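Owing to the predicted nature of the structure, the values given are computational and were not obtained by experimental measurement.
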Amino acid sequence: QSSLPRELREKYLLTRRIGTGVCGEVRLAFQRSTCRKVAVKIINKKNFQSEGMATRNATTEIEILQRVDHPCLIKTEDFYQTDDSYYIVLELMEGGELFHRVKSQQQLQENVAKLYFYQMLSAVQYLHSNGIIHRDLKPENILLSSQEDVCLIKVTDFNQSRILEESVLMRTLCGTPSYLAPEVFTQASTTGYSLAVDAWSLGVLLFVCLGGYPPFHESFGDKSVTDQIILGEFTMVPSKWRHVSDQAKDVVRRLLVVDPSKRMSIEAALQHAWLQDQGMLETAHRLMYPPGEDAAAVSMQEAPSGGPSKRKRGDGDEE
Ligand SMILES: C/C(=N\NC(=N)NO)c1ccc(NC(=O)Nc2ccc(/C(C)=N/N/C(N)=N/O)cc2)cc1
């Protein structure tokens with residue numbers, strides 16, 4: 001506890017590690033004043049090759065975390081740093097990481113996978129509309145709000161995220177094209193698809209949720225993972241995929257397309273037949289925009305007449 005920033009120690013009691021990541025760990029903590037549980041992500045700076053990179057990344061990430069506002073994106077409460085670490089205080093997602101949920105259940109029921117996938121799509125659609133690419137969507141970075149299957153999910157870890165600024169390319173295309181080399185235009189088409197990397201990752205995430213195993217893995221066949229990905233080679237093992245609907249498989253197949261210009265976009269995925277499921281959409285919106293918050297606001301106002309309305313029963317008694 002001694003190496004923790006004093007302010008952090010004064011405000012929070014850090015306890016056991018609840019998650020680990022490549023560049024840090026997540027600890028369960030209690031806000032001393034309220035005994036409320038929070039999560040604290042500790043990122044050690046030495047993991048980054050250069051100090052410059054670390055500073056840029058963490059401030060970018062903190063900027064993004066503090067700027068975004070969507071029900072399926074993690075919310076931060078506090079941020080501290082010392083010479084060697086960053087400390088991000090976040091809401092505690094009681095259900096932990098999607099990674100462990102899928103592992104413990106072998107594979108998710110299709111309607112649960114659909115509910116989670118819809119929320120991930122909504123979160124990524126929000127990021128993209130704000131010019132943010134996540135670039136590191138994976139089961140460890142999808143958190144669940146409760147131990148229940150039907151629950152809110154939140155995307156976290158914006159360590160690899162990038163904010164799409166006005167690029168040199170855009171400025172170049174404003175001038176006269178007459179003297180520009182062809183590759184400036186063809187390369188352009190690839191950089192124009194940088195958002196598509198998140199669509200690919202969502203395809204991998206959906207594959208893992210439905211199939212219970214990853215589409216690309218070193219233990220499959222003789223090709224390296226990189227080659228499997230570059231070739232877009234994956235197998236839907238019948239024993240695992242037999243009960244998965246054709247529509248769900250179609251979403252996966254249209255996202256795991258090697259050519260980004262041919263890959264299904266986030267917008268198109270949201271319009272896919274598999275997601276036009278009223279029951280799921282109602283559940284998702286109830287979780288994302290709980291009516292409770294508004295009702296609480298109403299009850300704060302002076303009740304117009306004497307308290308809750310009295311309902312008459314058939315026999316005339318008041319309830
Ligand atoms: C309830 C629970 N566990 N319950 C229990 N009793 N466990 O024993 C639990 C809850 C949450 C988590 N994970 C979790 O919260 N991850 C997480 C990952 C990344 C980030 C961020 C912002 N990253 N940013 C960077 N730059 N990263 O490198 C934030 C949170 C794990 C277990």
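- Residues Glu110 and Leu210 are in side-chain contact: their nearest non-hydrogen atoms beyond the backbone lie under 4.5 Å apart.
- Under 3.5 Å, the side chains of Thr34 and Gln31 contain a donor-acceptor pair of N or O atoms.
- Distance check: Leu65 CG to Glu61 CD gives 4.5 Å after rounding to the nearest 0.5 Å.
- Contact of the Asn111 side chain with the Met280 side chain is not registered, since no non-hydrogen atoms from C-beta on lie closer than 4.5 Å.
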Exercise for the section: Apply salt bridge (Lys or Arg N to Asp or Glu O under 4.0 Å) to Arg135 and Asp198, showing your working. Expected result: CA-CA 6 Å; Arg135 300 192 346 148; Asp198 285 340; over 6 Å; no
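- In this structure, Leu231 is not a member of the same hydrophobic cluster as Val258, with clusters built from ILVMFWY side-chain heavy atoms closer than 4.5 Å.
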Practice task
Might you work through the side chain to side chain donor-acceptor pair (under 3.5 Å) test for Glu25 and Asn44, ending with a clear yes or no?
Solution key: CA-CA 9 Å; Glu25 61 176 2; Asn44 21 48; over 6 Å; no
Practice task
Could you please spell out the steps behind the side chain to side chain contact (heavy atoms under 4.5 Å, CB included) verdict for Val89 and Tyr80?
Solution key: CA-CA 8 Å; Val89 181; Tyr80 304 89; 4.1 Å; yes
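- In the model, Glu97 has no side-chain atom that pairs as donor or acceptor with a side-chain atom of Asn141 under 3.5 Å.
- To the nearest 0.5 Å, atoms NZ (Lys154) and CG (Leu98) are separated by 15.5 Å.
- In terms of hydrophobic clustering, with Ile, Leu, Val, Met, Phe, Trp and Tyr side chains grouped at heavy-atom distances under 4.5 Å, Tyr213 and Val208 are assigned to a common cluster.
- In the hydrophobic clustering of this structure, Val257 does not group with Val124; members are Ile, Leu, Val, Met, Phe, Trp, Tyr whose side-chain heavy atoms approach within less than 4.5 Å, directly or through other members.
- In the hydrophobic clustering of ILVMFWY residues, with side-chain heavy atoms under 4.5 Å counting as a link, Leu256 and Leu270 come out together.
- Taking CD1 from Ile163 and CG from Asn130, the interatomic distance works out to 10.0 Å, rounded to the nearest 0.5 Å.
- Between Tyr118 and His285, the gap from one ring centroid to the other is short of 6.0 Å.
- In this structure, the side chain of Ser85 does not engage the main chain of Gln81 through any donor-acceptor pair within 3.5 Å.
- In this structure the side chain of Ile18 reaches within 4.5 angstrom of the side chain of Leu92, judged on heavy atoms.
- Summarising the local packing, CD of Glu7 is surrounded by 12 or fewer heavy atoms from other residues, nucleotides or ligands at distances under 6.0 Å.
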Practice task
Evaluate the side chain to side chain contact (heavy atoms under 4.5 Å, CB included) criterion for residues Leu4 and Leu14: first the C-alpha distance (whole Å), next the side-chain angles of each, then the deciding distance (0.1 Å), finally the verdict.
Solution key: CA-CA 9 Å; Leu4 298 176; Leu14 268 67; 4.0 Å; yes
Exercise for the section: With side chain to side chain contact (heavy atoms under 4.5 Å, CB included) as the test, would you mind laying out the steps for Met93 and Leu144 before giving the verdict? Expected result: CA-CA 6 Å; Met93 292 295 280; Leu144 302 162; 5.7 Å; no
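- With sequence neighbours excluded, the residues satisfying side-chain contact (heavy atoms from CB on, under 4.5 Å) with Thr283 are Leu115, Val150, Arg286, Leu287.
- Open room surrounds NZ on Lys103; 12 or fewer heavy atoms of other groups in view lie less than 6.0 Å from it.
- Between the side chain of Gln276 and the backbone N or O of Gln271 there is at least one donor-acceptor pair closer than 3.5 Å.
- Put simply, the side chain of His134 gets close to the backbone of Asp157: a donor and an acceptor are under 3.5 Å apart.
- In this structure, the side chains of Cys209 and Phe117 stay at 4.5 Å or more apart for every pair of heavy atoms.
- Taking 4.5 Å as the limit, every side-chain heavy atom of Tyr12 sits out of range of all side-chain heavy atoms of Tyr87.
- Cation-pi geometry between Lys45 and Tyr86 is met: the NZ or CZ atom falls under 6.0 Å from the ring centre, inside 45° of the normal.
- Looking only at distances, no side-chain donor or acceptor of Lys11 sits under 3.5 Å from a matching main-chain atom of Arg32.
- No hydrogens or angles considered: a donor-acceptor pair under 3.5 Å links the side chains of Glu267 and Gln125.
- Looking at heavy atoms from C-beta onward, Leu108 lies in side-chain contact with Val102 at the 4.5 angstrom threshold.
- For the pair Glu91 (side chain) and Lys75 (backbone), a donor-acceptor distance under 3.5 Å is present.
- For the pair Leu275 and Leu121, the minimum side-chain heavy-atom distance is below 4.5 Å.
- Salt bridge Lys223/Glu233: present, at least one basic N to carboxylate O contact under 4.0 Å.
- Aromatic ring centres of Trp200 and Phe216: separated by under 6.0 Å.
- Connection of Met264 to Ile229 is established within a shared hydrophobic cluster, with ILVMFWY side chains joined at heavy-atom distances below 4.5 Å, either directly or through further cluster members.
- At a threshold of 4.0 Å, the pair Asp250-Arg254 counts as salt-bridged, since one of the basic side-chain nitrogens sits closer than that to a carboxylate oxygen.
- Looking at heavy atoms from C-beta onward, Leu152 lies in side-chain contact with Cys72 at the 4.5 angstrom threshold.
- At least one donor-acceptor pair closer than 3.5 Å links the side chain of Ser146 to the backbone N or O of Glu148.
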Practice task
Please lay out, stage by stage, how Arg16 and Arg27 fare under the test side chain to side chain contact (heavy atoms under 4.5 Å, CB included).
Solution key: CA-CA 6 Å; Arg16 70 174 185 276; Arg27 304 282 287 270; 5.9 Å; no
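- No donor-acceptor pair under 3.5 Å is formed between the side chain of Thr82 and the backbone N or O of Pro5.
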